[in-house]
Structures are given as C-alpha cells and as structure tokens.
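All values below come from the heavy atoms of this structure, side chains included, with hydrogens, waters and symmetry mates left out.
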Amino acid sequence: MEQHLYEPVHEEFRDLCREFLAREAVPHHAQWEADGIVDRAVWRKAGAAGLLGMDVDPEYGGGGQRDFRFNAVLVEEVVSAGCSGLGFGLHNDVVAPYLTDLTTEDQRKRWLPGFCSGELVTAIAMSEPGAGSDLAGIRTTAVRDGDTYVLNGQKTFITNGELADLVVVVAKTAPDQGAHGVSLVVVEAGTPGFGRGRRLAKVGLKANDTAELFFDDCRVPADHLIGTENHGFYHLMGNLPRERLSIAVAAVAACEKLLALTLDHARSREAFGRPIGKFQHNRFLLAELDTEVTIARTFVNHCVAEFNAGRLSVTDAAKAKWWTTELQNKVADRCLQLHGGYGFMLEYPVAKAWLDGRVQTIYGGTTEIMKEIIGRGLGL
C-alpha cells in the first residue's frame with residue numbers, strides 16, 4: 001500500500017541516514033555488541049552528519065526542522081540497519097524537547113550546541129529499583145540548599161547511562177506532595193556525588209549501554225532545574241506521547257524488516273520439494289502479518305502527521321505504542337518460527353530482532369499502563 005507521509009526532502013534525508021549507517025555503524029556493530037557499548041566517536045560523527053538535534057534551532061547548531069518526520073526517518077533506518085546499539089532515538093526524540101522547550105536561554109546556550117554536535121550524549125533518568133511505571137512513586141530527592149539542589153537516590157535501566165554527559169533526573173523536590181512534588185534537574189558528568197553502577201546485562205540491545213546511576217549528596221546548581229519546580233510530573237506527561245510515538249515508529253519499522261526477511265526466506269527455502277511459502281498455512285500466516293503491519297503503518301503515519309500538527313492525543317499515542325509493540329513481538333515470533341532452526345541462530349537477523357524487540361512492550365510505559373490510559377480516556 002502506497003503511503004503518503006514523506007516528501008522528497010525526507011527521502012533525501014533517508015539516503016543520508018542510510019549511507020551514514022552503512023559506513024559508520026553497520027561494519028562495527030558486531031564488535032559493539034561484544035563490547036556492550038558503542039564507540040563514542042560515532043556520536044560525534046552523527047552530529048557532524050546532521051543526525052542529532054534535527055529540530056533544534058540553527059543558532060544552537062541544530063537542523064531547525066520542527067518536523068517529526070525527520071526523526072521518524074532516522075529511527076526507521078537505524079532499525080532497518082539492525083544498529084540497535086545507537087541511542088540516537090532516546091537523544092533526539094525523548095530528551096530533546098526537555099532541553100528545547102523547558103530551558104532558559106542560558107541553559108540552551110550551555111547544552112544544546114554539544115547536544116547537536118554529539119559532544120554531549122544525553123539520558124533521562126526516570127526508573128528506579130522500586131518505581132518503574134509508577135513515576136509518582138520515585139524516591140530520589142533533590143533538596144534545595146541555598147543556590148544548589150542536593151540529590152540523593154538511585155536510578156536503573158537508564159539508556160545511554162554509561163556514555164551520558166548530561167542526564168535529566170526526575171526527583172522529588174517536595175516529597176510530601178506525591179506527583180505534585182516532582183521536578184526535573186539536569187546533572188552533568190563529573191559532578192561530585194554522581195556515580196554510575198554496573199553495565200546491565202540485557203536479553204537484547206546488547207550494544208546499547210544501559211546502566212544504574214547513583215546520587216550521593218550530589219550538589220547540582222539550582223539553575224540546572226528545567227521547567228517549573230514541583231511541576232515535573234506534568235512536564236513528563238506532556239512529553240511522553242512523543243516518546244511513545246518514537247517507539248511505535250521503531251516497532252513498525254521492525255515489523256516491516258522482519259516481514260521482508262521472512263518473505264525472502266519463504267520464497268527460497270524449500271521443504272518437501274517446494275518453497276515453504278507455497279504451503280497454505282505459511283502463505284495465510286504471512287498474508288495476515290502483512291495485513292496487520294500495513295494497518296499499523298497507516299495508523300502510525302497518521303499519528304506522526306497528528307503530532308506535527310500539534311494534535312496527537314495522549315490516548316492515541318498510547319494506542320500506537322501498545323498495539324505496534326505487541327505486533328512487533330508477534331511478528332518476530334512468527335517469523336522466527338518460519339525460519340525453523342536457522343531462526344534460533346544469532347547469525348540470522350531474525351534472531352537478533354526477536355531478542356532486541358522484546359523490551360518494546362515494557363519501556364516507555366508497559367502495555368498494561370497504555371491500556372489503563374486508554375481506559376481512563378473512555379471514562380472508565
């Protein structure tokens with residue numbers, strides 16, 4: 001089915017992304033997976049190529065394109081290339097709006113040039129050992145002391161956590177006020193009291209550094225608060241639809257890649273004297289998957305257009321996130337099965353995609369949380 005989301009300029013950007021990944025990421029990704037982290041140099045190269053901060057104003061070194069379609073193209077190409085170690089999506093799609101929309105002019109001048117050049121790798125620290133989806137339950141505190149905040153607490157499952165030079169930390173500035181006492185504080189690498197724990201061993205996404213972060217009487221300048229004090233929960237709720245849309249874009253791209261790989265396999269792999277795709281069961285299964293992926297693509301494209309128009313609702317973002325990520329896991333499972341024993345071998349892309357995709361229904365808000373959001377939107 002022909003889609004009409006992208007214009008020629010976006011396809012030109014796609015060519016740039018594809019060429020960059022083929023040159024700077026694909027040849028090195030297996031080694032990065034073995035190392036458990038990507039080479040930091042790839043971030044600076046991505047910045048030089050214009051792949052970071054596409055929607056940041058040019059005066060800070062960004063692309064000046066307030067058009068999420070560019071973000072979506074990069075996400076799609078990273079997924080298609082199998083470069084799951086690159087944390088560009090977290091940087092561009094999740095952290096960027098906090099640094100562009102909630103900051104002062106001085107803060108933007110301090111952080112955004114490095115954000116766009118790749119000199120500053122970013123992360124956002126929400127999850128804690130005892131608080132994942134329940135952001136109101138976080139225990140990390142930021143207590144005002146003169147012209148500083150003193151942070152104490154622990155964060156876990158932090159994407160880009162090991163490489164990050166700049167971390168947006170979600171902390172309680174008024175612990176007795178629950179969700180109404182949460183603030184966002186930026187912590188820079190090297191700040192006394194800010195430490196990183198072990199690199200977490202994950203089922204998939206092996207090359208993407210995921211770490212624990214610790215704050216032990218960590219003093220942060222008061223002017224590192226972004227947004228409004230005690231209003232952090234609402235800042236998070238305002239930006240989570242964008243994060244969930246990015247995840248949905250990645251999910252559909254993964255589905256399309258898996259389906260293409262499996263169709264090639266079904267046409268060439270023979271059993272009992274004929275290609276396995278000629279068996280009715282397999283043909284029907286692939287027909288079902290192709291239909292569902294086309295429907296998912298159509299809805300996600302609609303959501304991207306709605307986001308660009310400033311109309312993407314919280315509930316529609318939740319629908320896109322849970323449906324596409326569950327579909328991604330379904331497609332990965334069925335496609336692996338159709339590959340037979342080869343599907344269980346890591347040298348085949350379908351196996352890696354199966355492992356990498358499992359977390360999609362968890363981070364950014366679990367499927368169960370997405371359904372809660374949608375249910376509340378129905379007045380239930």
Please examine the side chains of Arg14 and Tyr6, heavy atoms only from C-beta on, and report whether any two atoms are closer than 4.5 Å. yes

Lys172 side chain to Thr140 main-chain N or O, any donor-acceptor pair under 3.5 Å? no

Could you tell me whether the side chain of Asp147 and the main chain of Ala222 form a donor-acceptor pair under 3.5 Å? no

Quick check against the 3.5 Å criterion: does Arg18 have a side-chain atom that pairs as donor or acceptor with the backbone of Ser80? no

Heavy-atom check, side chain of Val186 versus side chain of Val220, under 4.5 Å: no

Would you say the rings of His224 and Trp111 are close, in the sense that their centroids are separated by under 6.0 Å? yes

Checking Arg44 side chain against Ala46 main chain: does a donor-acceptor pair fall under 3.5 Å? no

Determine, using ring centers only, whether Tyr234 and His180 are less than 6.0 Å apart. yes

Ignoring hydrogens and geometry beyond distance, is a side-chain donor-acceptor pair present between Thr173 and Ser183 at under 3.5 Å? yes

Answer yes or no: is there a donor N or O on one side and an acceptor on the other, between the side chain of Arg40 and the main chain of Leu163, under 3.5 Å? yes

Mind checking whether Phe70 and His10 have ring centres under 6.0 Å apart? yes

Taking Arg66 first and then Asp101, would you say they form a salt bridge - that is, a charged N and a carboxylate O separated by under 4.0 Å? yes

Could Glu347 and Lys352 be called an ion pair, given the rule that one side-chain N must be under 4.0 Å from one carboxylate O? no

Under a 3.5 Å distance rule, please check whether His28 uses its side chain to pair with a backbone N or O of Ala25 as donor and acceptor. no

Compute both the distance and the angle, then confirm whether Arg242 meets the cation-pi test with Phe307: under 6.0 Å from the six-membered ring centre, within 45 degrees of the axis. no

Looking only at the side chains, is there a donor atom on one of Asp67 and Asn308 sitting less than 3.5 Å from an acceptor on the other? yes

Are Leu245 and Val94 linked, directly or through intermediate hydrophobic residues, by side-chain heavy-atom contacts shorter than 4.5 Å (ILVMFWY only)? no

Short question: side chain of Gln360, backbone of Lys321 - any donor-acceptor pair under 3.5 Å? no

Check for a donor-acceptor pair, side chain of Ser117 on one end and backbone N or O of Glu119 on the other, with a separation under 3.5 Å. yes

Taking the ring centre of each residue, are Phe215 and Phe194 less than 6.0 Å apart? yes

Is a side-chain N or O of Glu288 found less than 3.5 angstrom from the main chain of Leu285, in a donor-acceptor match? no

With no hydrogens and no angle check, is any side-chain donor or acceptor of Arg198 less than 3.5 Å from a backbone partner on Glu212? no

Sub-4.5 Å side-chain heavy-atom contact between Met54 and Asn92: yes

Ring centers of Phe88, Trp43 separated by less than 6.0 Å: yes

Is the ring centre of Phe115 less than 6.0 Å from the ring centre of His91? yes

